[in-house]
Amino acid sequence: MNVFLRIFRIKELRTSILFVLGMLVIFRLAAHVPVPGVDPSALTSLFQGNQVLGLLNLFSGGTLENFSIVALGIAPYITASIIFQLLAMIIPSFEEMQKEEAGRRKINQYTRIATVPLAFLQGYGIINLLASQAQGLIVDTGWLTMLLIMTTMTAGTIFLMWLGELISERNIGNGISILIFAGIIAGLPTTFQQVLATFDRSQVFDILLILALVIVTIVAVVIINEAQRNIPIQYARMQQGARSLGGVSSNLPLRVNMGGMIPIIFAVSIILFPPTMAQFFLRAKTEWIVNAAQFTIDIFTNQLFYGLIFFLLVFGFTFFYSGVVFHPDRISENLQKQGGFVPGIRPGRPTAEYLQWVTNRILLLGATYLAVIAVLPIVVQQVTGTAQLVVGGASVIIIVGVVIDLIKQIQAQLSMHEYEH
């Protein structure tokens with residue numbers, strides 16, 4: 001209670017929280033405005049038990065289920081972000097741009113521009129994917145109606161991207177993650193309602209298993225997110241005039257899960273791309289292209305294949321994201337400039353290699369944990385046959401990750417305010 005009082009006594013923090021809540025209200029209102037030319041009632045029950053559609057709905061923040069104007073969510077923006085982060089690892093000029101504030105702003109601008117054509121492409125793919133699953137979804141299949149729907153969905157994505165950036169500017173969390181978090185939370189009452197509506201005594205064990213899975217996932221996420229390996233750092237003693245500086249010990253914390261829930265979000269974005277793009281080729285005149293497109297869609301609905309690919313993507317993106325945010329060479333260089341060193345390790349290249357070696361070891365644990373939790377609900381679903389577990393693991397990881405990040409950001413602002421006063 002004291003924490004809440006402290007939060008609302010600080011005008012800047014109180015204003016930021018109320019602003020973010022206002023943005024989330026606007027987001028949820030937009031999530032209930034249907035796209036023109038679409039009959040949302042045709043989507044009833046379509047998302048239950050379908051892995052790909054379930055992930056699409058999760059990633060859109062729950063907006064795809066009603067086919068709203070923001071049905072695409074921020075998936076195209078995240079796809080564009082992944083593309084430019086990959087380019088920064090391949091092209092030296094992009095890597096140099098990432099080191100400077102002006103360069104990062106320019107890359108962010110490129111990402112926003114690339115989001116527009118990606119949103120058009122993904123919009124077309126999703127329209128065809130849903131139209132093939134739900135008869136009567138599109139009232140008029142003419143090209144003008146399709147163009148209107150794709151333009152509306154693209155505008156919705158740009159609107160959410162703008163909302164996310166406005167939220168991020170308030171420094172109480174990542175705006176994109178908060179929007180996804182809000183969509184998941186908004187869908188929980190409907191999930192509970194479905195469970196209660198179909199409940200019978202024979203499902204008691206299944207429900208207990210679901211609750212146990214959620215509790216285990218929450219505990220594991222909190223433990224791994226907070227776990228870190230402390231690398232001891234010793235600073236050499238330096239003499240400046242009559243003063244003696246340095247000679248102190250410190251620690252360099254290396255987190256077990258450096259990416260938080262970002263690898264999950266990246267993996268979902270990538271796993272949705274092939275079946276979505278395959279929709280473009282279902283009406284091709286060449287038979288083998290049509291067959292290949294249909295095969296792609298069918299294989300991604302296969303539980304075993306889907307679970308295996310999802311596991312590998314989460315595992316791989318955990319290492320990929322750590323490579324984006326953690327640079328042993330730069331850390332080693334900065335330590336050397338400040339007169340710091342790891343005891344028993346020579347400064348320079350040996351220190352960078354040691355930091356990379358330690359990072360790879362702890363990331364192996366972090367990546368395995370994240371990937372296992374992401375696919376665990378799929379395994380349990382096969383045992384219980386409960387459709388509500390389709391995206392449970394990813395949902396819980398994102399919810400817990402966002403909550404932890406929000407708490408840390410608010411605590412940091414509280415500490416800063418107390419320090420200033």
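Treat the numbers as computed from the prediction; the structure is a model and nothing was measured. Both backbone and side-chain heavy atoms feed into the values below; hydrogens, waters and symmetry mates do not.
- Here the straight-line distance linking atom CD1 of Ile178 with atom CZ of Phe27 works out to 12.0 Å at 0.5 Å rounding.
- Residue pairs meeting the salt bridge (charged side-chain N to carboxylate O under 4.0 Å, His left out) criterion with at least one member in residues 348-377, sequence neighbours excluded, are Asp329-Arg349.
- Here Ser177 pairs with Asn174 under the side chain to side chain donor-acceptor pair (under 3.5 Å) rule; sequence neighbours left out.
- With sequence neighbours excluded, no residue forms a side chain to side chain donor-acceptor pair (under 3.5 Å) with Gln409.
- Residue pairs satisfying the side chain to side chain donor-acceptor pair (under 3.5 Å) criterion with at least one member in residues 363-373, sequence neighbours excluded, are absent.
- A salt bridge (charged side-chain N to carboxylate O under 4.0 Å, His left out) check over residues 158-171, counting only residues at least two apart or in different chains, returns the pairs Arg112-Glu165.
- Listed by first and then second residue, the salt bridge (charged side-chain N to carboxylate O under 4.0 Å, His left out) pairs involving residues 395-408 are Glu226-Lys408 (not counting sequence neighbours).
- Remark: Pro328 engages Phe326, Ala352, Leu355, Gln356 in a side-chain contact (heavy atoms from CB on, under 4.5 Å) (not counting sequence neighbours).
- For Ile362, the side-chain contact (heavy atoms from CB on, under 4.5 Å) test picks out Arg229, Leu254, with sequence neighbours left out.
- Evaluation of the side chain to side chain donor-acceptor pair (under 3.5 Å) rule for Arg346 yields no partner, not counting sequence neighbours.
- Between the side chains of Asn334 and Gln336, no donor N or O sits under 3.5 Å from an acceptor N or O.
- For Glu12, there are no salt bridge (charged side-chain N to carboxylate O under 4.0 Å, His left out) partners two or more places apart in sequence or in a different chain.
- The shortest distance between side-chain heavy atoms of Ile17 and Leu21 falls below 4.5 Å.
- The shortest heavy-atom contact between His32 and Ser68 is N-CB, 4.2 Å.
- A search for side-chain contact (heavy atoms from CB on, under 4.5 Å) contacts involving Val33 returns Ile69, not counting sequence neighbours.
- Not counting sequence neighbours, the partners of Glu333 by the side chain to side chain donor-acceptor pair (under 3.5 Å) test are Lys337.
- The nearest pair of heavy atoms linking Pro263 to Val314 is CB-O, 4.1 Å.
- Residues Pro232 and Asn251 meet the side-chain proximity criterion, which asks for heavy atoms closer than 4.5 Å.
- Across every non-hydrogen atom of Leu160 and Leu179, the tightest pair is O-CD1, 3.5 Å.
- In terms of heavy-atom proximity, Ile172 sits nearest to Ser16 at CD1-O, 4.1 Å.
- You'll find the side chain of Tyr77 reaches within 4.5 Å of the side chain of Ile176, heavy atoms only.
- Aromatic rings of Phe315 and Phe319 (six-membered ring for Trp) have centroids within the 6.0 Å cut-off, being under it.
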